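So the structure is just underneath, and the comments pick up after that.
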Amino acid sequence: MTETRLRFPPSPTGYLHIGGARTALFNWLYAKKTGGKLILRIEDTDTERSTQDSIQGILDGLNWLGIDWDEGPYFQTEFSTDHLAAANQMLAEGKAYKCFCTKEELEARKEAAMAAKQEMGYNGACRNLTPEQVAEKESAGLPFVIRFKVPERNGMLGYDDKVLGRIEHSYNEVDDFVIVRSNGKPLYLLCNVVDDIRDRITHVLRGQDHMTNTTRQVLLYEALGAPMPVFAHMPLTLDLKKAKISKRSHGEIVAVHFYKEHGFIPWAFCNFLVLLGWSPGDDTEIFSREELIEAFTLERINKSNSIFNYRKGDEKFFTDPKAIAINEQYLRTMDIGEIGDMVQKVLEKEGLWNAAYAGEKKEWYLHTLALIRDRFHTLNDFATLGRAYFADDFQVEQKPLEKNLLKFPDLKEWLPLLADRYQALEQFTTEETERVAKELAEEKEVKPGVIVNGMRTVVTGQLAGPSMYDILMTLGRDKVVQRLRNVNRFFQQAD
RNA sequence: GUCCCCAUCGUCUAGUCAGGUCCAGGACAUCGGCCUUUCACGCCGACAACACCGGUUCAAAUCCGGUUGGGGACGCCA
């Protein structure tokens with residue numbers, strides 16, 4: 001059994017988007033599963049559109065997702081000698097020919113065909129030029145492209161797709177396609193095959209949008225005398241309107257970096273992506289890296305396209321609800337130390353990080369994260385909704401401000417009074433703070449909720465949160481007393 | 001216009017190859033309830049789908065044919 005070798009060959013014409021990320025992930029999973037290798041190859045033959053920025057963006061995206069590769073990145077443009085050699089070989093063997101049709105001619109023919117509602121492929125005008133005719137046109141300095149000469153055969157042309165089954169076309173359906181441009185630069189269809197042969201790729205796992213390319217590439221493998229890899233075409237990811245997701249029409253929401261910036265846990269996002277077009281066959285949905293590698297198979301890739309369930313302008317769900325749900329699931333079940341490392345980056349970015357959190361206050365830090373993580377959706381929430389735990393300059397949300405504070409003007413007096421009593425407490429514990437708060441409520445003849453919710457508002461700025469007395473302990477007496485005493489500022493602001 | 005692929009709850013999907021165990025299971029979302037002096041978590045429950053028409057069969061989500069619908073490709077892009 002030879003080693004399995006897969007590749008991820010992005011074209012650097014934009015950031016890494018979720019479709020590409022999912023393709024990379026599937027290839028990576030299968031390589032890991034089979035103990036094979038993953039090769040990263042940047043297909044930059046479209047020099048017009050390729051940019052350095054997008055190469056970096058793709059690398060960053062893969063790194064963030066945790067998708068690593070064993071070889072590369074190779075750059076396709078560095079192998080144009082190979083590509084051209086293959087083209088010349090086929091030319092010499094009569095498997096390809098020079099075509100002198102101009103772009104204008106082709107376009108005119110295509111438009112005429114469109115108008116007449118007829119087939120619009122290449123008509124083979126230059127296919128049967130005699131050597132003399134070719135020499136004549138060449139000496140006249142006419143530019144030419146090299147086309148592959150699709151054999152005239154009766155049988156069917158096809159391949160066995162690992163997910164779709166047998167795919168077939170009759171030979172005459174396939175037009176002679178261009179493999180080298182008139183400027184001498186080789187084209188994707190050729191480069192891709194030549195590179196896959198050189199890189200000894202055994203499995204080509206890519207989107208269904210490549211199916212017709214595969215049909216033509218099968219011909220190339222045959223003409224080049226190379227063994228064919230296993231092909232597997234994955235379903236596409238569409239939007240709610242069933243349109244292919246694209247950078248152009250969807251923007252940032254389909255970019256991998258969007259999820260990085262919005263506080264997703266990388267593996268949680270991979271977990272979401274893999275479920276788009278694949279399932280393990282049982283009800284498992286949450287996988288560790290090892291579990292997923294173990295469970296993954298090509299055969300269980302779905303045939304039908306899936307929809308990335310994103311609604312523009314949705315107030316509650318800024319992206320696919322399932323992606324958020326999976327992220328939440330990881331957020332509250334992952335090892336707290338790992339969460340701590342990820343939250344550190346967020347806090348650092350927001351200027352909330354304190355070196356002591358990694359030192360003498362580490363226990364406090366992790367305990368606090370564990371206390372508040374249940375209610376959060378993303379890592380960023382620790383710095384926004386959870387800001388009061390790490391800084392004093394937190395905002396008080398409008399809703400609790402009105403509902404829990406301004407509605408009860410007496411709190412202006414009561415909370416500072418509570419602060420005094422907390423200050424005087426011999427033991428600052430959950431039991432004691434609770435007892436004192438309840439006493440105060442009784443004394444003022446209000447429900448304890450009035451005191452508790454007022455306190456929560458002033459101390460955390462939030463309508464909701466963990467148990468009040470746990471919050472008090474985490475924050476510590478000093479901060480609590482200070483925030484309670486300061487309650488006046490909210491009433492002044494409101495006036 | 002031609003060719004290719006696909007079709008189960010709103011979404012992701014199990015079940016289809018080897019027809020009966022499926023008046024279709026799970027998850028997300030939604031809605032109720034329990035828990036909670038907040039909000040979540042957790043737990044319990046509800047809502048909700050085999051695109052359509054034929055055929056084969058004792059029996060069809062599952063096999064066959066057609067229809068409709070959706071997607072992809074048809075570049076000197078990748």
Side-chain angles (χ1 to χ4, degrees), chain A residues 9-13 43-46 48-50 76 99 101-103 106-107 110 113-122 143-147 158 161 164-165 167-170 173-175 177-183 185-189 191-192 207-215 233 235-236 238 240 242-244 272 275-286 299 302-311 316-317 320-326 328-329 332 372-376 400 403-404 437-438 441 447-453 456-457 462-468:
Chain A
S11 65
T13 54
E43 307 222 318
D44 54 353
T45 53
D46 185 353
E48 301 275 303
R49 296 193 301 152
S50 297
Q76 193 157 58
C99 167
C101 298
T102 64
K103 278 185 195 176
L106 294 173
E107 202 136 312
K110 183 176 169 181
M114 279 260 251
K117 298 210 166 194
Q118 288 183 339
E119 281 194 54
M120 44 193 191
Y122 179 65
F144 62 87
V145 299
I146 300 178
R147 281 184 191 272
D161 188 294
L164 263 10
I167 305 294
E168 286 183 326
H169 294 263
S170 61
E173 275 168 25
V174 185
D175 297 315
F177 51 92
V178 178
I179 53 179
V180 178
R181 293 181 172 97
S182 57
N183 67 4
K185 297 271 199 289
L187 249 10
Y188 165 78
L189 241 18
C191 300
N192 192 247
Q208 286 181 10
D209 51 344
H210 281 282
M211 284 175 74
T212 55
N213 287 334
T214 301
T215 299
H233 291 98
L236 267 18
L238 311 175
L240 229 31
K242 303 244 170 100
K244 205 173 153 182
F272 164 72
L275 258 16
L276 232 42
W278 176 87
S279 83
D282 59 27
D283 293 336
T284 313
E285 290 201 314
I286 304 294
E299 288 75 12
N302 260 260
K303 292 179 178 179
S304 49
N305 294 339
S306 52
I307 291 171
F308 177 62
N309 191 11
Y310 154 71
R311 287 167 203 281
K316 191 165 175 189
F317 301 106
D320 191 316
K322 189 127 186 173
I324 297 176
I326 291 175
E328 289 168 354
Q329 166 84 10
R332 52 176 189 265
I372 60 183
R373 66 168 161 175
D374 274 0
R375 290 156 189 81
F376 293 166
K403 192 178 157 196
N404 292 336
K438 283 188 171 164
K447 283 188 286 189
V450 174
I451 302 290
V452 171
N453 291 330
R456 180 188 302 283
T457 304
Q462 297 287 308
L463 185 62
S467 162
M468 193 60 236

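Letters A, B, ... are given to chains in the order of the sequence lines, protein chains preceding strands, and every chain is numbered from 1. Computed over heavy atoms, backbone and side chain alike; hydrogens, waters and symmetry mates excluded. Note that the structure is predicted; figures quoted are calculated from it, not measured.
- For the C1' atoms, the distance linking U11(B) with G54(B) amounts to 32 Å, nearest Å.
- Rounded to whole Å, the P atom of C41(B) lies 10 Å from the corresponding atom of U30(B).
- The residue among Ala437(A) and Ser306(A) whose nearest nucleotide of RNA chain B is located toward the 5' end is Ser306(A).
- When the C1' atom is used for both C74(B) and U16(B), the distance is 32 Å, rounded to whole Å.
- The distance from atom CD1 of Ile167(A) to atom P of C3(B) is 15 Å, rounded to the nearest whole Å.
- Regarding Gln329(A), its CD atom lies at a distance of 17 Å from the P atom of A40(B), rounded to whole Å.
- Atom CD of Glu48(A) is surrounded by 12 or fewer heavy atoms from other residues, nucleotides or ligands within 6.0 Å.
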Notebook entry, point to check: Can you give one letter per nucleotide of nucleotides 60-78 of chain B, going 5' to 3': B for a protein heavy atom under 4.0 Å from the base, S for sugar-phosphate only, - for none?
Noted result: ----------SSSSBSBBB
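- Look at the C1' atom in both A60(B) and C44(B): the space between them is 35 Å, to the nearest Å.
- Using a 4.0 Å heavy-atom criterion, one finds that Arg332(A) contacts the sugar-phosphate atoms exclusively.
- Not counting sequence neighbours, the partners of His210(A) by the side chain to side chain contact (heavy atoms under 4.5 Å, CB included) test are Tyr188(A), Arg206(A), Asn213(A), His233(A).
- For Arg375(A) and U38(B), the shortest distance from a side-chain N or O to OP1 or OP2 is not below 4.0 Å.
- Not counting sequence neighbours, the partners of Phe177(A) by the ring pair (Phe, Tyr, Trp, His ring centres under 6.0 Å) test are Phe148(A).
- With distances taken from any side-chain atom of Lys438(A) to the nucleotides U37(B), C5(B), C12(B), the minimum falls on U37(B).
- Taking the ring pair (Phe, Tyr, Trp, His ring centres under 6.0 Å) definition, one finds that Tyr310(A) meets it with nothing, sequence neighbours left out.
- Distance CD (Glu168(A)) to C1' (U2(B)): 18 Å, rounded to an integer number of Å.
- Judged as a ring pair (Phe, Tyr, Trp, His ring centres under 6.0 Å), and not counting sequence neighbours, Tyr122(A) has no contacts.
- Rounded to the nearest Å, the gap between the C1' atom of G25(B) and that of C50(B) is 13 Å.
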Notebook entry, point to check: Which letters describe nucleotides 28-34 of chain B, given B = protein heavy atom under 4.0 Å from base, S = only from sugar-phosphate, - = neither?
Noted result: SSS----
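- Remark: Asn302(A) is not in phosphate contact with A7(B), judged by side-chain N or O atoms under 4.0 Å from OP1 or OP2.
- U38(B) atom P lies 8 Å from atom CG of Asn453(A), rounded to whole Å.
- One atom, CD of Glu173(A), and another, P of U2(B), lie 12 Å apart when rounded to the nearest Å.
- For U21(B) and C5(B), the C1' atoms lie 33 Å apart once the distance is rounded to whole Å.
- Rounded to whole Å, the distance from CD1 on Ile307(A) to C1' on C9(B) is 13 Å.
- How far NZ of Lys244(A) is from CD of Gln208(A): 11.0 Å, rounded to the nearest 0.5 Å.
- Straight-line distance from the NZ atom of Lys303(A) to the P atom of A14(B): 11 Å, rounded to whole Å.
- A heavy-atom distance below 4.5 Å is not found between the side chains of Pro400(A) and Asn453(A).
- The CE-P distance, from Met468(A) to U36(B), rounds to 19 Å in whole Å.
- Side-chain N or O atoms of Arg456(A) include one that pairs as donor or acceptor with a backbone N or O of Pro466(A) at under 3.5 Å.
- Shown here, G45(B) forms a base pair with C31(B); the pair counts as Watson-Crick or G-U wobble because both key distances fall under 3.5 Å.
- To the nearest whole angstrom, the two C1' atoms, one in G15(B) and one in C9(B), are 14 Å apart.
- As rounded to the nearest Å, C6(B) and C23(B) have P atoms that lie 27 Å from one another.
- Nucleic acid contact for Gly277(A): sugar-phosphate only, since backbone atoms but no base atoms lie under 4.0 Å from a heavy atom of the residue.
- If you run side chain to side chain contact (heavy atoms under 4.5 Å, CB included) between Leu187(A) and each of Val178(A), Val180(A), Asp46(A), only Val178(A) comes through.
- Expressed to the nearest 0.5 Å, how far CD1 of Ile451(A) lies from NZ of Lys438(A) amounts to 12.5 Å.
- Nearest-nucleotide mapping onto RNA chain B: of Phe308(A) and Ala464(A), the residue sitting toward the 5' end is Phe308(A).
- Residues Ile326(A) and Leu275(A) form a side-chain contact, since some pair of their non-hydrogen atoms from C-beta on lies under 4.5 Å apart.
- Nucleotide A40(B) has no partner under the Watson-Crick or G-U criteria, as no pair reaches both atom distances under 3.5 Å.
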